[in-house]
Amino acid sequence: MHKPSCTYVGYAGKYLRVDLGSGTITEHELTNSLAEQFIGGVGIAARILYDAILPGIDPLGDDNKLMFFTGPLEGTMIPTASRIGLYGKSPLTNSFFYSSAGGYFGPELKFAGYDGILIEGVASHPVYLFIDNNIVELRDASHLWGMDTNQVQHAIADELGSEEVRIAAIGPAGERLVRFACVISGCRALGRGGLGAVMGSKKLKAVAVRGSGGVSIPDMRRMRALLDDLFARFSAHPATSEILPRYGTPVLVHANNELGLFGYRNWQDEYFPQAEGLSGETMRKKIVKRDKSCFACPARCSKFSIVGKGMTEGCTVEGPEYEDIFSLGSMCGHNDIEVVAAAERLCDDIGIDAIEAGVAIAFAMECYERGLLSLSETDGLEVRFGRADLIVPLIKKIGLREGRLGNLLAEGVKRAADRIGKGADRFAMQNKGLTFPGHSARGLPGFALGYATGPRGASHHDGRPTGERTGLVKRATIEGKAEYTARINHLMVLLDALILCHLPEGIWGPLDVSELLVRCINTTTGMNMTLQQATTAAERIWNVMRAFAVREGYRREHDRLPPRFMEEPIPSGPSKGMVITRQMLDAMLDDYYTFRGWDVKTGIPTRQKLLELGLEDIAEDMGKY
Amino acid sequence: MNITLKTFATIRDVVGAATLSIELPTGARLSDLFAHLTHTYGKNFDRQVRDQLTGAYVPFLILVNTTPYRSTHDIETPLHDGDVVTIMVPFDGG
Ligand code: SF4
C-alpha cells in the first residue's frame with residue numbers, strides 16, 4: 001500500500017499541478033518536512049514558488065506561476081478557518097504576492113481532496129478548471145470570456161448543474177490585464193496585487209470545485225475541547241460577539257476618524273469632518289439588510305446591502321467593507337455611502353481591487369487639481385475631489401481599460417505616475433507599487449514600519465494598526481517599534497499559513513504568535529509543535545518572502561514611505577502634527593533589520609540567519625547579491 | 001460634577017444616544033464612569049467593553065477631551081467637571 005509523504009492529519013496531503021499549455025494535470029504530495037517547516041497557505045506556497053518562479057520573469061508572461069492553497073485548518077470547525085489563498089508574482093509589485101479570501105472555496109477544495117493547486121503555462125484558448133473530487137479537467141471557457149464575475153459564476157454553476165460548486169473567477173479586468181485585477185469567489189475578493197491579471201494572462205477564466213469528502217482529525221475529543229474553548233472566546237469578546245456582527249469592518253470609520261487616522265483626499269489630510277455619512281452606523285441604518293458569515297465563523301461580519309437611491313438604485317452588494325469606504329469614499333473626498341456600495345459592487349463584478357481602484361481615482365483627482373493631468377488626458381472629465389458622480393463611471397473605465405484615463409490608471413498609481421512625470425510620483429500613495437489602504441502611517445509609527453518593510457508593499461496585513469490604535473502599546477513613539485512590528489509580522493504570516501482570518505486578532509494574538517494558535521495546529525494535525533517552533537516557522541516564511549523580493553531587486557532603499565508621509569505633518573484633526581520623518585523611519589529600519597538578523601546596509605537576510613532557519617539553498621542564493 | 005459622554009457603534013446602541021450628559025461624584029475616575037454605565041445599562045454595556053471570560057477590559061482608547069487614555073492601563077485616570085469623554089470603539093481588528 002502507498003504510504004503518503006505527509007502523515008500529518010488535517011492536510012489532504014496532495015496538491016494539483018495543472019499545466020495549461022500542455023493540458024497535463026498531475027497530483028503531487030506534500031511532505032512532512034514541508035508541513036512542519038512551512039505549515040500551509042502562504043508558507044508552503046512561498047517555498048514552492050521560490051523554486052518554481054525564476055527571478056526577473058514577466059509576471060504577465062508564460063513563466064509566471066499561480067497557486068491556490070489552503071491551510072491545515074480549512075474545513076474544520078475552527079472559527080474563521082474558511083479561507084483560500086492565492087499566490088504568485090504580482091504584476092503590480094513585481095515580487096511574491098499573496099491574497100486571501102473567506103467564503104467557502106477553501107474548505108470545498110479540501111473536501112475535494114486537495115490542499116491546493118499550482119497552475120503554470122498559458123492555455124491556447126480560454127479555459128476553466130473543474131475539480132469534482134478526483135475528476136479534474138480543463139474545460140473550454142470561450143463562451144464565458146467577457147462575462148463579469150457574477151455572471152460567470154452563475155453560468156458555470158448552471159453548466160455543471162450544481163448549486164454546490166464553489167467558483168473563483170476573473171472578470172473583464174483580469175482578461176484585460178488590469179494590473180490590480182482580482183479574483184472573486186462568491187462575493188469575496190482575492191483582492192490585492194493583481195493576481196487576477198495573472199489568471200487572465202494564462203487565459204484561465206475560473207476554477208470550479210466540488211468536494212464531498214471531509215477533513216480527518218487525530219483526536220475528536222481533543223478537538224471538541226478546543227472548539228468549545230474557541231467558541232466561548234468568540235462569544236465573550238466584544239469584537240467578535242457584538243461589534244463585527246452588528247457593524248462589520250465599517251465600524252472603523254469612526255474608530256479611525258475620531259483619532260485623526262482616516263485617509264482623506266489622497267491622504268492630504270487624515271480627518272474627514274463629514275465622515276458620519278460613511279460610518280458603519282449610517283451604513284447599517286441606510287442600506288444593510290442582513291448579516292452574513294464565512295464558513296465556520298460565528299462573527300457574521302459581512303453585510304448584505306441594497307442601494308436605495310440614485311443611478312445605482314436597487315444595486316445589491318455584499319459589503320461595502322471599511323477599506324472600500326476609505327478608498328472609494330473618503331479618499332475621493334465624498335461621503336455618499338450609497339455611491340461607495342454601488343462602486344464596490346462594480347469593482348467585484350468587473351474584477352478589480354477596490355482599494356487600488358479608489359486610491360488610483362484619488363491620485364487622478366489630485367493630479368488633475370494640481371494641473372498634472374489635462375482635460376484631454378482625463379477624456380474630458382473634470383476629475384476633482386468630491387465628484388461622487390464620477391466614481392462608478394471611472395471604475396468602469398479602469399476595469400475595461402477605456403480611454404486614456406482608464407488605461408493610465410489600470411497600470412496602478414506607481415506606473416501611472418511614472419508616465420505622467422512632472423513630479424506626479426509625489427502624489428502616488430504607494431510602496432513597492434501597492435497603494436496604502438485606510439490606516440494611517442503618519443499617526444502609527446510601528447505600523448508605518450510595517451508598511452515600509454512589507455514584502456507585499458503597503459499592505460495592512462503585514463504590520464497591523466491595531467496595537468497602536470487601541471492603546472495596547474504606546475502610540476506616539478518609535479521606541480521598541482522594530483521588535484513590535486517583527487513579532488506582528490510573525491503572527492500575521494502564521495495566520496496566513498493556517499489560513500485564519502485576521503479580524504479576530506485580539507483572540508489569536510494580538511501582538512505575537514500565541515499558544516492558542518499552536519494548540520490549533522497540534523490538535524488539527526497531530527504535530528507536537530512548540531511555541532518556539534511555530535514562531536520560527538513564521539520567521540522562516542518571512543525570510544523566504546524577503547529573499548524572493550531581494551532576487552527581484554528590492555533592498556533597504558525600497559522600504560520607504562511616500563514623501564507626503566515623511567515630509568508633510570498631518571495638517572488637521574486629532575493627530576495634527578504627526579509625521580514619520582526619514583530619520584525616524586531610518587532609525588526604525590536599523591532596529592528592524594538588526595532584530596531580524598538582516599544586513600543593516602542592504603536589508604538582505606544574512607547567511608547566518610538563513611542557515612539558522614534551515615534555508616541553506618536560499619543562503620547560497622543570497623550570497624550572489 | 002458633570003461630564004459629557006460621546007459614543008459610537010454598539011455602545012451608542014446600548015446607551016441610546018451619541019452624546020449623553022452624566023452626573024458623577026466629585027473626584028470620580030474613568031473606572032467610576034464605567035461602573036456607572038454598567039450599573040445603569042447592565043450586562044449589555046459590560047459586554048461591549050470587557051472580555052466576558054476574563055472580566056478584563058479589552059484594549060481600546062478613551063479620549064478625555066483630546067487626550068487618549070488606555071482601557072488596559074489608565075482606567076484610574078481622574079475626571080473633572082466639564083470633561084468630554086469619548087469611548088473609542090473596542091474593536092481590535094481592521
Ligand atoms: S470575521 Fe468576517 S471575514 Fe473573518 S471569517 Fe468571520 S465572517 Fe469571514
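Residue numbers start from 1 in every chain, and the chains themselves are labelled A, B, ... in the order their sequence lines are given, proteins ahead of strands. All values derive from a computational prediction rather than experimental measurement.
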Interface moiety of B/D74 toward chain A, non-hydrogen atoms closer than 4.5 Å: neither
Engaged part of A/I507 at the chain B interface, taking heavy atoms whose separation is under 4.5 Å: neither
Which atom of A/S235 lies closest to which atom of B/R47, heavy atoms considered: O-NH2, 2.8 Å
Heavy-atom proximity to chain B below 4.5 Å, by part of A/E281: side chain
Gap between atom CG of B/D51 and atom NE2 of A/H237 - 0.5 Å precision: 6.0 Å
Under 4.5 Å from any heavy atom of chain B - which part of A/R284: neither
Heavy-atom donor-acceptor pair, A/E242 side chain to B/Q48 backbone, under 3.5 Å: no
Close side-chain approach of B/L63 and A/L259, heavy atoms under 4.5 Å: yes
Nearest heavy atoms of B/L61 and A/G471, plus distance in Å: CD2-CA, 3.7 Å
From B/L53 atom CG to A/F234 atom CZ, the distance as rounded to the nearest 0.5 Å: 12.0 Å
B/R50 portion near chain A, given a 4.5 angstrom heavy-atom threshold: backbone
Heavy-atom pair of closest approach, residues A/K474 and B/R70: N-NH1, 3.7 Å
N/O donor-acceptor pair under 3.5 Å between A/R469 side chain and B/F91 backbone: yes
Choice from B/V58, B/D46, B/T72 maximising heavy atom contacts with chain A below 4.5 Å: B/V58
Contact origin within B/I62 toward chain A - heavy atom pairs under 4.5 Å: neither
Heavy-atom side-chain contact between A/V253 and B/F8 under 4.5 Å: no
Largest heavy-atom contact set with chain A, pairs under 4.5 Å, which of B/S71, B/P59, B/P68: B/P59
Enclosure of A/E276 CD (heavy-atom neighbours >12, cutoff 6.0 Å): yes
Test log, rule side-chain contact (heavy atoms from CB on, under 4.5 Å), inputs A/H254 and B/R12: CA-CA 12 Å; A/H254 275 320; B/R12 187 183 287 182; 4.2 Å; yes
Minimum heavy-atom distance B/P90-A/P238, with the two atoms named: O-CB, 4.4 Å
B/I11 side, atom CD1; A/I243 side, atom CD1 - distance, nearest 0.5 Å: 7.0 Å
